[in-house]
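For reference, the structure discussed in these notes is given below.
Counting convention: from 1, in listed order, for ligands and their atoms alike. Note: hydrogens, waters and symmetry copies are ignored here, and every other heavy atom, side chains too, is used.
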Amino acid sequence: MNAIAAWTAAGVAGAAALALRGALDPNSGLFGPVISRGPRHGDQVFLTFDDGPNPGATARILEILGEREAHAAFFMVGRHAQIFPDVAQRVAAAGHDLGNHTYGHRKLLLMGPDSVRRELVEAHRSIQETAGVSPKLFRAPHGYRNPFVAREARRLGYTTFGWVGSVFDTARPGPREIRRRVAKLLKPGAIILLHDGDAYDPRGDRSQTAAALPGILDDVRDRGLRLGRLTDLVLLST
Ligand SMILES: [Zn+2]
């Protein structure tokens, strides 16, 4: 291989590595704009719950948030909203922000334009029909995206969100550990990813996340922080 061929090969490998990073990193802007955090100078943090609605955890989380008059965002799986329309409706009625988290929680990374469109459009319809509101927020399953995802999200008028850090509440490490992991991430502007549902089991157990929530809300308050709304970040970014 001569020098030019070697450089070309290196360039291609570099571009491929960059593209892969853009596809896998939930906060990469390579495949369209993503909001991964709010203002660092301020007192707001943002709680987000993915993969619901779920008849057990979502209902309990709504109760706890309601008692504290706290707001959160719920990125719903369209299929789950169809199975539990009453829960989806209660999330909207409580005034929380609703987001599209695709219809079937498939990894969008390697999907073509038609499949991507179906995943987003069917979830959009499902959330509209069950919750009675048009979601404006989008988060890709696992954060995995490609150019078709960016195009479809834009077409539907969505703002795409990432998150900071990792709590891994889906591994069910216990409510105390979930609270401890969240506490480490509580800095102004942080968008925290938690789960009120199980991506692949509509009735999956997320009771630990719900049980951790009162302590998490205490920690937010004790640090002089308050819960913001993702929809306010949309307005800031436009
Ligand atoms: Zn998810």
Side-chain angles (χ1 to χ4, degrees), residues 22-28 31-32 34-37 46-62 72-84 87-88 91 96-111 115-127 130-131 135-146 148-150 152-153 156 158-173 178 181-182 185 190-210 212-213 216 230:
L24 297 176
D25 180 349
N27 301 318
S28 166
F31 294 132
V34 180
I35 298 179
S36 56
R37 57 177 310 123
F46 306 84
L47 289 187
T48 66
F49 294 94
D50 284 15
D51 302 346
N54 170 295
T58 311
R60 181 70 191 119
I61 287 166
L62 287 178
F74 291 78
F75 288 90
M76 295 184 175
V77 172
R79 188 171 80 92
H80 294 177
Q82 269 179 347
I83 299 171
F84 307 112
V87 186
V91 175
H96 299 292
D97 291 335
L98 267 64
N100 180 330
H101 196 45
T102 74
Y103 185 78
H105 207 278
R106 295 171 61 197
K107 298 181 177 75
L108 302 177
L109 173 64
L110 298 177
M111 287 169 58
S115 305
V116 165
R117 173 168 290 196
R118 211 163 32 241
E119 278 292 317
L120 269 69
V121 167
E122 286 184 12
H124 189 85
R125 274 199 209 117
S126 164
I127 294 166
T130 58
K136 296 283 179 212
L137 319 176
F138 173 72
R139 179 181 275 156
H142 310 281
Y144 299 167
R145 290 166 295 126
N146 67 20
F148 309 123
V149 177
E152 196 58 26
L156 288 166
Y158 283 123
T159 301
T160 300
F161 283 88
W163 62 89
V164 301
S166 298
V167 176
F168 297 116
D169 57 325
T170 50
R172 291 185 271 176
I178 292 171
R181 292 178 188 176
V182 171
L185 300 173
I191 297 175
I192 309 282
L193 168 63
L194 292 165
H195 295 83
D196 63 326
D198 179 323
Y200 307 104
D201 176 0
R203 296 183 182 277
D205 179 9
R206 292 289 175 256
S207 58
Q208 289 190 5
T209 301
L213 186 56
I216 291 170
L230 288 192

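The aromatic rings of His142 and His105 lie perpendicular to each other, with more than 60° between the two planes, well past the 30° mark.
Under the side chain to side chain donor-acceptor pair (under 3.5 Å) criterion, Thr209 pairs with Asp169, not counting sequence neighbours. With sequence neighbours left out, the side chain to side chain donor-acceptor pair (under 3.5 Å) criterion links Thr130 to no other residue. Every residue two or more places apart in sequence or in another chain was checked for a side chain to side chain donor-acceptor pair (under 3.5 Å) with Thr160, and none qualifies.
None of Asp51, Ile61, Leu47, Thr48 except one satisfies the side-chain contact (heavy atoms from CB on, under 4.5 Å) rule with Phe74; the exception is Ile61.
Of all protein N/O/S atoms, those under 2.8 Å from the Zn ion (ligand 1) are Asp51 OD1, His101 NE2, His105 NE2, and waters are not counted.
The side-chain tip of Arg139 points at the ring of Phe75 from less than 6.0 angstrom away and within 45° of straight on.
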